[in-house]
Amino acid sequence: MNKFTNVSDIGDLRQAVAEALEIKRNRFAHTELGRNRTLLMIFFNSSLRTRLSTQKAAMNLGMNVMVLDVNQGAWKLETERGVVMDGDKAEHLLEAIPVMGSYCDIIGVRSFASLKDKAEDYSEKVLEQFIRYSGRPVFSMEAATGHPLQSFADLITIEEHKRTERPKVVLTWAPHPKALPQAVPNSFVEWMVAAGYDVTVTHPKGYELDERFTRGAKIDYDQNHALEGADFVYAKNWSAFADLDYGRILSTDRSWTIDSAKMKLTNDAFFMHCLPVRRNMIVTDEVIESPSSLVIPEAANREISAQTVIKRMLEAL
Ligand code: CP
């Protein structure tokens, strides 16, 4: 594998999950694979889980790891070609990327959506430039439109906890005080549909996601109805995707917060969220602290999803 940006890059999902679970049983079985190999992790945005889990995954494989926070200590980067660089940006991404590639074997990139320019966000401009100009295998550590390492970890977690072969998985929008990208919900639906689950997405009107990601999922504007019979409830906020409202907050309706009454509508469902989560906006204290909450094992599986992806990239070098 020399690229990991969406579900199609991982190939057969059953095989991928089986490989991930094997890695989880013995995460130090391949410490020779990454010897004298270097992972460079580049962050244009903040992170807790992705940073730590991906670094740990690479160390489990025997790799050296370098981390660059672009906004802390590096030169300010220009991303537009043709710009007269007479402002505060001292270096162009088109030089910076091949230079970074020259110091490592594999690159992970985190670069969020601006939520200002939909066309630019959905072109995945920064991630695509790394793929094109670094000369190295590149994986997404959450980009403008997707978060595949998170969705892979979510899939592993569901496979570990499911009680039926084809569980009902519900992605529900929930309120948040800040405008958030669609990356996590996009990827989550894409991966859950690809896994063959019974997938429902529920949100207030106006929060429709890109149909390229939701194809194969049911859309239900009635959250209570959607939650009926759910085996897994995945809560997440996102901002509007539609052209005229792109990146806007259209609702902060707290009646969409996942609480115990809503969980009672489900088939004794597990609660999931990618974290970080705003308690009592997205989910109540009671639900996230309940035995049904999978948020911690889900975050722990980020190490496993990252290790599976990096292992496959190392094997292909
Ligand atoms: N879920 C997730 O990607 O967390 P971080 O933003 O902390 O990396």
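Because only heavy atoms are used, hydrogens play no part in the values below, and waters and symmetry mates are left out as well, while side chains stay in. For ligands, and for the atoms within them, numbers begin at 1 and follow the listed sequence. Quick caveat: nothing in here was measured; it's all calculated off a predicted structure.
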Quiz item: Would the number of heavy atoms belonging to other residues, nucleotides or ligands and lying under 6.0 Å from OH of Y221 be above 12?
Solution: yes
Practice problem: Please state which part of L275 comes within less than 4.0 Å of ligand 1, counting heavy atoms only: side chain, backbone, both or neither. | Solution: backbone
Practice problem: Compute the shortest N/O to N/O distance between S46 and ligand 1 and return yes if it is under 3.5 Å, no if not. | Solution: no
Quiz item: So which heavy atom in the protein is nearest atom 4 (O) of ligand 1, and how far is it from that ligand atom?
Solution: R49 NE, 2.9 Å
Quiz item: What part of R302, side chain from CB on, backbone N/CA/C/O, both or neither, has a heavy atom under 4.0 Å from ligand 1?
Solution: side chain
Exercise. Heavy atoms only: give me the nearest N237-K178 pair and the separation to one decimal.
Key: OD1-O, 3.9 Å
Quiz item: Any idea which atoms of ligand 1 are less than 4.0 Å away from a heavy-atom of L48?
Solution: 5 (P), 7 (O), 8 (O)
Quiz prompt | Residues, nucleotides or ligands: over 12 heavy atoms within 6.0 Å of R279 CZ | solution = yes
Quiz item: Does F43 have R51 sitting over its ring (NZ/CZ under 6.0 Å from centre, angle to axis within 45°)?
Solution: yes
Quiz item: With atoms numbered from 1 as shown, which atoms in ligand 1 lie under 4.0 angstrom from a non-hydrogen atom of H147?
Solution: 2 (C), 3 (O)
Quiz item: Is the closest N or O pair between S47 and ligand 1 shorter than 3.5 Å?
Solution: yes
Quiz item: Under 4.0 angstrom from ligand 1, any heavy atom of R110?
Solution: yes
Quiz item: Considering the options T172, I219, D222, which one meets the side-chain contact (heavy atoms from CB on, under 4.5 Å) requirement together with T202?
Solution: T172
Quiz item: Between E315 and R312, is there a salt bridge with N-O shorter than 4.0 Å?
Solution: no
Quiz prompt | Check: R51 N/O within less than 3.5 Å of ligand 1 N/O | solution = no
Quiz item: Given the side-chain rings of F112 and F44, with only the six-membered ring counted for Trp, is the space between their centroids under 6.0 Å?
Solution: no
Quiz item: Do any nitrogen or oxygen atoms of P276 come within less than 3.5 Å of a nitrogen or oxygen of ligand 1?
Solution: no
